[in-house]
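First the proteins, then the strands, lettered A, B, ... as listed; each starts at 1. Values reported hereafter were calculated over all heavy atoms of this structure, with side chains retained and with hydrogens, waters and symmetry mates removed.
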Amino acid sequence: MRYLKNKLKIVLEPFIFDEYGEKNEIRFLNPPKPEMGDLTISSAFEIGKKLRKNPREIASSFVNILEEMDEIDRIDIAGPGYLNIFFNKRYFLSNIEKIFTLKRDKAEYKKIIVEHTNINPNKAAHIGHLRNAVLGDTLSRMLKERGENVEIQNYIDDTGVQVADVVYGVLHIDKLSIDDLKKMDRIDYYLWDLYVKVHLKDDEETKKMRREVHHKIEQGILPEKDYAEIISLGVLKRHLETVKRLGIDYDVLPRESDIINLKFWENAFDILKEKSVIRYQDEGVNKGCWVMDVFEDGEDREKIIVKSNGAITYVGKDISYHLWKFGLLNKDFYYKKMDEKHYISISDPDQAVNDISFGNGERVYNVIDQRQSYLQNIVKKALEKLGYEKAAENLVHFSYEVVALSKKSAEDLGFKIDSEKKIVEVSGRKGIGVKADDLIDELERRAKEEIEKRHPDFPEEKINEISKKIGSGALRYYMLKYTLNAIIVFDFDEALKFEGETGPYLQYSNVRMKSLFKKYEERFGENVENSIDNIPDFSILPEEEKNKLWETIVFASRLDSELELSINNLEPSRLAKYGFYLCQKFNYIYNSFSVINEEDEEKRKLRLITIYIIYKQLNKILDILGIEKPDIM
RNA sequence: GCGCCCGUAGCUCAACAGGAUAGAGCAUUGGAUUUCUAAUCCAAAUGUUGGGGGUUCGAGUCCCUCCGGGCGUGCCA
């Protein structure tokens, strides 16, 4: 549709300038009802407002010039001044390739970095982490589909207190050896429980011991350091397997331990001091700290970057990491291959693979939940104060709300909830949450039941293959259908549904189309793809059917704008919903008009072509949403 | 205290940069299969968009105010 919009702009914008002396960038709307037109222009309102003229009159003045265009069949002026366009169907259908393309002519940025997932490698992943991973993965896919060069990073905080806490637990509560840990096949599940145990004892003595363990890990003291490494790597591998079930991968896994080892901070510290972004505070409450002045809430405040004991705060590390991301730090990681898909950062140049490099992005999306907005903003401010305004501008916090449990779900899981609140926060410390793998297992189990009902004769492997696709598709859609600032109140009944507005609904629609094409080719010996070359005239159809098919084709042609809006407004849910609506339209057509049994060849063809257009678009949508496509359901 | 977000049908959520008669799913009731897969479709019913005021051709959307809820505001990460 972008193709047609551009054509309209080229004609109309100069006309408006000549006629009204206004530089009006034309905005397009979708008519609320399909019978009102295929596309709406609302520029007459804007010009009318400025020139104090009747919008209807202005809109009328556009009619002649537009009606001369080959692309347009007719124009309607509606309501107070809407300009409703009806495209020429013949023109439209014979230019389908151009009208339906998603890729832009060229990428907007040299390189875009998307950071997501970032699960602490100290316990099993839970549903909250899945929302992050699915959103981040989908954002990456959206950007790629539009033609951007995207690098996906998953930051591993392998030296933080969370890892230290479980190291403490392993050493001082369960007293396990390194070998014991290595033998475990579900180290993430084991640590999930251990982490809760660690936080059960919260007296000063154990807190002090945990701090010591943390300190030793940071200093590289044995055996704590080895334990930390075994644990973080072991859990990381499990996390990668978990998200792999949803089709999620990364290009590179930068580790915090390497940021420390390679002294990224030292460079960042120098730059920050040199440009006077931070200063040493020698009096007051923050005596002995390096602080950054920030102006917020209408007052000057100090944000501590280096603590009085010389330790760097989280924000400090994040600033240095972001300087690296934008290629503004004179330091780099070394990398080795972790498995066939992922590179992981290392500190030792001798083990490093050559000719691979990451970072140096022009634009950065950080997929991090809304609670971290404040810190993300500090990092942005630091970049700004350093004079890297372009980078600050291109640092985007892709912020979303958390996943919570409904009180009922929490109680069903066996957690005792005392509070009056309706929703329960997911908490690793308390062990309250649904483990990602458990949820995926359950989804697959239910999908399997459904398939067995329908196809009792299918071999086991086939059933497993399909149930995996359905389970993952259901989960991904569930995580995507909500707008970012909606808290997902997780509910088992809702998440495990395969009917209505769900991933399987989209998958099922796709399966129906595919099998229809197969039957068509068997029956008529004609390749579906070829049939699009010779399109009969829509006017042979009865009014109702013609409108329905045409409306659906126009709707399907909006995918490019929907993708743009999803990216620009940072709302993947928009695209998910659009996919759902498209399938609704398909299912209506499918139920109302038969293809195979239609005797009139032209009618049959028009129906087939409409469905084929939907099919092409739905396939792109499913790829972007990361929803797999079973060939049969 | 200050800052950000949310309040829409019984429930869970939509509504493009302020656009036309606020839409889906679930649940409820009734219906559709000699016909391309019923994980589908059709129909019915459900609304003072938390309350009040303002801005304008037009407000669920913007501004003010009140009520109710969530989060943030660490020498934690």
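Residue A/Y588 is classed as a sugar-phosphate contact, given heavy-atom separations below 4.0 Å to backbone atoms only. Residue A/R574 is classed as a base contact, given a heavy-atom separation below 4.0 Å to a base. Among the protein residues, A/I488 comes within range of no part of the nucleic acid, since none of its heavy atoms lies under 4.0 Å from any strand. Base contact: A/K287 has a heavy atom under 4.0 Å from a base atom. Residue contacts for A/A78: at a heavy-atom cut-off of 4.0 Å it reaches a base atom on one of the strands shown. No contact: A/Y478 has no heavy atom under 4.0 Å from any strand. Within 4.0 Å of A/N120, counting heavy atoms only, lies no atom of the nucleic acid at all. If you check every strand for non-hydrogen atoms under 4.0 Å, A/N84 touches a base. Note on A/Y314: a base of the nucleic acid sits closer than 4.0 angstrom, heavy atoms only. Note on A/V402: nothing from the nucleic acid sits closer than 4.0 angstrom, heavy atoms only. Here A/S308 lies in heavy-atom contact (under 4.0 Å) with a base. Residue contacts shown for A/V306 are absent, as no nucleic acid heavy atom lies under 4.0 Å away. Using a 4.0 Å heavy-atom cutoff across all strands shown, A/I423 reaches no nucleic acid atom at all.
Checked by distance alone, A/D493 brings no side-chain donor or acceptor within 3.5 Å of a matching partner on the base of B/rA27. Donor-acceptor pairing under 3.5 Å, judged by distance alone, is present between the side chain of A/T40 and the base of B/rA20. Side chain A/S373 to base B/rC4: no donor-acceptor pair is found below 3.5 Å.
Out of B/rU21, B/rC16, B/rU40, the shortest distance to the side chain of A/R512 is found at B/rU40. The A/K307 side chain lies nearest to B/rC76 when the options are B/rA20, B/rA39, B/rC76. Here B/rU40 is the nucleotide among B/rU40, B/rG25, B/rA20 with the atom lying nearest to any side-chain atom of A/N587. Which of B/rA77, B/rU73, B/rU21 sits closest to the side chain of A/K33 comes down to B/rU21. Nearest nucleotide to the side chain of A/M633, out of B/rA20, B/rA77, B/rA39: B/rA39. Considering only side-chain atoms of A/L375, the nucleotide from B/rC71, B/rA77, B/rA39 that sits closest is B/rA77. In this structure, the nucleotide among B/rC26, B/rG58, B/rC13 sitting nearest to the side chain of A/K497 is B/rC26. Each of B/rC57, B/rG25, B/rC71 was ranked by its minimum atom distance to the side chain of A/E501; first place goes to B/rG25. The A/F580 side chain lies nearest to B/rA24 when the options are B/rU37, B/rC36, B/rA24. Taking every side-chain heavy atom of A/Y590 into account, B/rU37 is the closest of B/rA77, B/rU37, B/rC41.
Protein atom CG of A/L39 is 17 Å distant from nucleotide atom P of B/rC16, rounded to whole Å. One interatomic measurement links the two molecules: NZ of A/K407 to C1' of B/rG69, which rounds to 16 Å at whole-angstrom precision. Rounded to whole Å, the distance from NZ on A/K317 to P on B/rC75 is 15 Å. The separation between A/F586 atom CZ and B/rU40 atom P is 12 Å, rounded to whole Å. Distance, A/I466 CD1 to B/rA39 C1': 13 Å, rounded to whole Å. With rounding to whole Å, A/Y508 atom OH is found 11 Å from B/rC36 atom C1'. Put simply, NE2 on A/H215 is 15 Å from C1' on B/rC75, counting in whole angstrom units. Taking atom CG of residue A/N485 and atom C1' of nucleotide B/rG7, one finds them 12 Å apart after rounding to whole Å.
In this structure, A/K548 satisfies the cation-pi test against A/Y588, with its NZ or CZ atom closer than 6.0 Å to the six-membered ring centre and inside 45 degrees of the ring normal. Geometric assessment of A/K317 against the ring of A/F264 yields a negative cation-pi assignment under the 6.0 Å and 45° thresholds. Note that A/R604 lies in the cation-pi zone of A/F524, set by a 6.0 Å cut-off to the ring centre and a 45° limit from the axis.
The residues A/K605 and A/E526 are annotated as salt-bridged, a charged nitrogen and a carboxylate oxygen being separated by less than 4.0 angstrom. Ion pairing between A/E501 and A/K577 holds under the 4.0 Å rule for side-chain N and carboxylate O. Ion pair A/R445/A/E449 flagged as a salt bridge, since at least one NZ, NE, NH1 or NH2 atom sits closer than 4.0 Å to an Asp/Glu carboxylate oxygen. Look at A/R371 and A/E425 and you find a salt bridge, because one of the NZ, NE, NH1 or NH2 atoms lies within 4.0 Å of a carboxylate O, short of that distance. Between A/R476 and A/E628 no salt bridge is recorded (no basic side-chain N to carboxylate O distance below 4.0 Å).
Searching all strands for a Watson-Crick or G-U wobble partner of B/rG7 with both distances below 3.5 Å returns B/rC67. Applying the Watson-Crick and G-U wobble criteria (two distances, each under 3.5 Å), B/rA43 pairs with B/rU29. Look at B/rU35: it lacks any Watson-Crick or wobble partner with both distances under 3.5 angstrom. Across every strand in view, B/rU56 sits unpaired, with no contact that passes the Watson-Crick or G-U test at under 3.5 angstrom. In this entry B/rG1 has B/rU73 as its Watson-Crick or G-U wobble partner, both defining distances falling under 3.5 Å.
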A/K462 and A/I451: CA distance, side-chain angles, deciding distance, side chain to side chain contact (heavy atoms under 4.5 Å, CB included) verdict: CA-CA 10 Å; A/K462 186 73 191 165; A/I451 302 162; over 6 Å; no
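Here the separation of B/rG50 from B/rU33, taken at their C1' atoms, is 46 Å to the nearest Å. A distance of about 43 Å separates the C1' atoms of B/rC2 and B/rU21, rounded to the whole Å. The C1' atoms of B/rC11 and B/rA45 are separated by 16 Å, rounded to the nearest whole Å.
A search for side-chain contact (heavy atoms from CB on, under 4.5 Å) contacts involving A/D412 returns A/K408, not counting sequence neighbours.
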Measure all distances between protein nitrogen or oxygen atoms and nitrogen or oxygen atoms of nucleotides 31-33 of chain B, and list the pairs falling under 3.5 Å.
none

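In this structure, a donor-acceptor pair under 3.5 Å is present between the side chains of A/Y505 and A/N587.
We find that the ring of A/Y82 and the base of B/rG19 do not stack by the test of centres under 5.5 angstrom and planes tilted less than 30°.
Contact between the side-chain N/O atoms of A/S515 and the OP1/OP2 oxygens of B/rC36 is not found at any separation under 4.0 Å. Phosphate proximity of B/rU37 to A/K519: present, with a side-chain N or O under 4.0 Å from OP1 or OP2. A sub-4.0 Å separation between OP1 or OP2 of B/rC41 and a side-chain N or O of A/Q584 is absent. Contact between the side-chain N/O atoms of A/Y505 and the OP1/OP2 oxygens of B/rU37 is not found at any separation under 4.0 Å.
The environment of NZ in A/K53 is sparse: at most 12 heavy-atom neighbours from other residues, nucleotides or ligands sit within 6.0 Å.
For the pair A/E450 and A/I304, both in contact range of RNA chain B, the more 5′-proximal nearest nucleotide belongs to A/E450. Along RNA chain B, the nucleotide nearest A/E499 and the nucleotide nearest A/E494 are compared for position; the residue whose nucleotide lies closer to the 5' end is A/E494.
Look at B/rA17: its glycosidic torsion is within 90° of 0, and that puts it in the syn range.
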